Amino acid sequence: MAINWYPGHMHKARKEMLNVLPQMDVIIEMTDARIPASSENPVIAELKSQKPCIKLLSKSDLADPALTEQWQQFWLQEHGVQSLAITTDEPGRIKQLPDLIRKLVPANTAQTRKIQALIVGIPNVGKSTLINYLLGRPAAKTGNEPAVTKAQQKLHLSDDIVLNDTPGILWPKFENTNGGYRLAITGAIRDTAIDYQDIALFLAGFLASHYPQQLQHRYQVVAPAGELDTQDEIDLLEQIGKKRGAKGAGGRVNLHKAAEVLIHDYRSGSIGNITLETPEMIKSELVEVARLRAEREAIEKAKQEKRAKKKKGVRH
């Protein structure tokens with residue numbers, strides 16, 4: 001899937017974030033509980049071992065609770081990262097954040113100056129809503145679409161904690177194609193930059209393989225067993241379209257309308273509490289990403305060597 005959406009302010013925000021990171025005492029990364037790994041910023045992933053990190057799994061009320069717990073245990077065991085599963089419907093969990101920040105920062109730091117915390121996250125993950133709740137006032141602009149925050153700002157969370165807010169940023173290239181699909185499905189990428197039908201087919205296949213009962217309950221359709229091919233996914237989307245009246249000229253199913261139904265139902269939680277990835281799934285995908293990267297690098301190296309030999313032969 002090709003996604004052509006990387007606004008100029010994101011490039012600027014990434015550079016600014018890298019500049020301020022050395023001065024930060026703790027990193028708070030908001031991820032989407034439905035896609036904990038795909039919504040993780042690669043830059044932050046590289047720095048987890050260098051600075052204390054807190055993972056906030058937002059929209060946990062829309063995610064599979066068993067898999068949310070699995071992800072929290074994975075981060076703690078693999079990287080020593082603390083985490084909180086949060087939702088605005090349970091404010092008590094959000095209120096735990098300041099105390100968790102204090103616990104992760106060395107005592108001598110907290111005694112000599114204010115704690116500097118950097119909060120980062122992908123677009124539309126709910127970062128601005130969280131900040132406003134913590135501060136008890138509308139300090140950050142919110143919206144129901146990605147990329148509302150456009151610039152960094154310093155916010156005094158308490159007498160001893162300064163929250164450095166950053167714009168929600170993505171990265172210009174998705175090496176893991178499946179991760180790109182998941183970001184699009186959950187709404188992290190503007191709808192104008194994606195193909196609804198394309199991502200809906202991906203979602204239909206995933207739901208049929210991992211959440212068939214929820215799919216059947218919502219749409220009264222029977223999903224094919226096992227892994228689906230492209231035609232299976234199209235047939236399933238057509239079934240959903242028929243059940244939900246997504247029809248076009250001549251009474252035929254309008255796949256785009258059917259795709260909109262499926263994506264909107266998923267985002268609202270109408271299909272159920274569904275998480276699109278597991279730690280084991282991501283580990284397997286990253287192995288494949290590394291293999292493909294190595295192949296590309298080997299091909300490029302061979303081309304460079306060939307060009308070098310050709311150039312050397314011309315000189316002689």
Side-chain angles (χ1 to χ4, degrees), residues 1-3 32-39 57 59-71 87 89 124 144-145 174 176-282 284-285:
M1 176 181 61
I3 299 174
D32 189 322
R34 298 168 296 176
I35 51 169
S38 294
S39 58
L57 289 96
K59 306 183 183 182
S60 60
D61 55 322
L62 299 175
D64 186 327
L67 288 182
T68 296
E69 174 63 24
Q70 192 177 129
W71 273 107
T87 169
D89 293 333
N124 208 30
N144 61 359
E145 64 177 24
F174 300 104
N176 184 354
T177 304
N178 290 341
Y181 274 106
R182 295 175 189 128
L183 286 162
I185 289 168
T186 54
I189 300 166
R190 286 189 187 277
D191 287 345
T192 53
I194 60 178
D195 182 335
Y196 253 55
Q197 186 174 318
D198 188 26
I199 66 170
L201 290 174
F202 179 92
L203 177 59
F206 177 86
L207 293 175
S209 299
H210 297 85
Y211 293 93
Q213 292 181 337
Q214 289 88 332
L215 196 63
Q216 182 176 355
H217 178 75
R218 178 64 179 172
Y219 302 109
Q220 291 77 53
V221 298
V222 178
E227 292 296 322
L228 276 65
D229 59 27
T230 302
Q231 188 56 52
D232 290 331
E233 293 167 353
I234 293 173
D235 291 344
L236 184 54
L237 193 58
E238 285 186 340
Q239 288 186 58
I240 293 171
K242 288 178 182 178
K243 293 291 185 179
R244 296 299 297 275
K247 296 181 179 180
R252 297 180 61 185
V253 172
N254 183 317
L255 286 179
H256 182 81
K257 289 182 179 179
E260 287 183 335
V261 167
L262 181 61
I263 296 299
H264 290 157
D265 281 356
Y266 174 77
R267 290 177 181 175
S268 67
S270 299
I271 303 174
N273 297 86
I274 293 169
T275 298
L276 298 178
E277 57 195 21
T278 67
E280 290 304 315
M281 188 186 301
I282 292 299
S284 176
E285 290 177 0

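Atom set for the values below is all heavy atoms of this structure, side chains included, hydrogens, waters and symmetry mates excluded. This structure is a prediction, so every number in the text was calculated from the model and none was measured.
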Roughly how far apart are [X] [atom1] and [Y] [atom2], rounded to 0.5 Å?
{"X": "K59", "Y": "D89", "atom1": "NZ", "atom2": "CG", "value": "13.0 Å"}
{"X": "E69", "Y": "S60", "atom1": "CD", "atom2": "OG", "value": "12.0 Å"}
{"X": "L203", "Y": "I263", "atom1": "CG", "atom2": "CD1", "value": "5.0 Å"}
{"X": "K257", "Y": "L237", "atom1": "NZ", "atom2": "CG", "value": "13.5 Å"}
{"X": "I271", "Y": "Q216", "atom1": "CD1", "atom2": "CD", "value": "13.5 Å"}

Which atom names give the shortest non-hydrogen contact between [X] and [Y], and what distance separates them?
{"X": "A258", "Y": "A246", "result": "N-CB, 3.6 Å"}
{"X": "V253", "Y": "G241", "result": "CG1-CA, 4.1 Å"}
{"X": "Q197", "Y": "L255", "result": "OE1-CB, 3.4 Å"}
{"X": "L62", "Y": "R267", "result": "CD1-O, 3.6 Å"}
{"X": "S39", "Y": "P36", "result": "OG-O, 3.6 Å"}
{"X": "A33", "Y": "L57", "result": "CB-CB, 3.8 Å"}

**Message:** S270: which residues meet the side-chain hydrogen bond (donor to acceptor under 3.5 Å, both in side chains) condition with it, sequence neighbours left out?
**Reply:** S268

**Which residues share a side-chain hydrogen bond (donor to acceptor under 3.5 Å, both in side chains) with N176, sequence neighbours left out** = E285

Show which side-chain atoms of residues 272-279 pair as donor or acceptor with protein atoms under 3.5 Å away, not counting sequence neighbours.
unit_1 : atom_1 : unit_2 : atom_2 : d
N273   : ND2    : D61    : O      : 2.5
N273   : ND2    : A63    : O      : 3.4
T275   : OG1    : D64    : N      : 2.9
E277   : OE1    : S38    : OG     : 2.6
E277   : OE1    : R182   : NH1    : 3.2
E277   : OE2    : A37    : N      : 2.6
E277   : OE2    : S38    : N      : 2.8
T278   : OG1    : M281   : N      : 3.1

Contact check, side chains of [X] and [Y], non-hydrogen atoms, under 4.5 Å:
{"X": "L215", "Y": "L236", "answer": "yes"}
{"X": "Y266", "Y": "I199", "answer": "no"}
{"X": "R244", "Y": "R218", "answer": "yes"}
{"X": "L262", "Y": "L207", "answer": "yes"}

According to ring pair (Phe, Tyr, Trp, His ring centres under 6.0 Å), who are the partners of [X], at least two apart in sequence or on a separate chain?
{"X": "H217", "answer": "none"}
{"X": "F202", "answer": "Y181"}
{"X": "Y219", "answer": "none"}

**Item:** Under 3.5 Å donor-acceptor, T186 side chain and L183 backbone
**Value:** yes

**Request:** Please check if atom CD in Q213 has more than 12 non-hydrogen atoms from other residues, nucleotides or ligands closer than 6.0 Å.
**Result:** no

**Request:** Go through the side-chain N and O atoms of D235 and Q239 and say whether any donor and acceptor fall under 3.5 Å apart.
**Result:**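 Judged by distance alone, the side chains do not pair up.
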
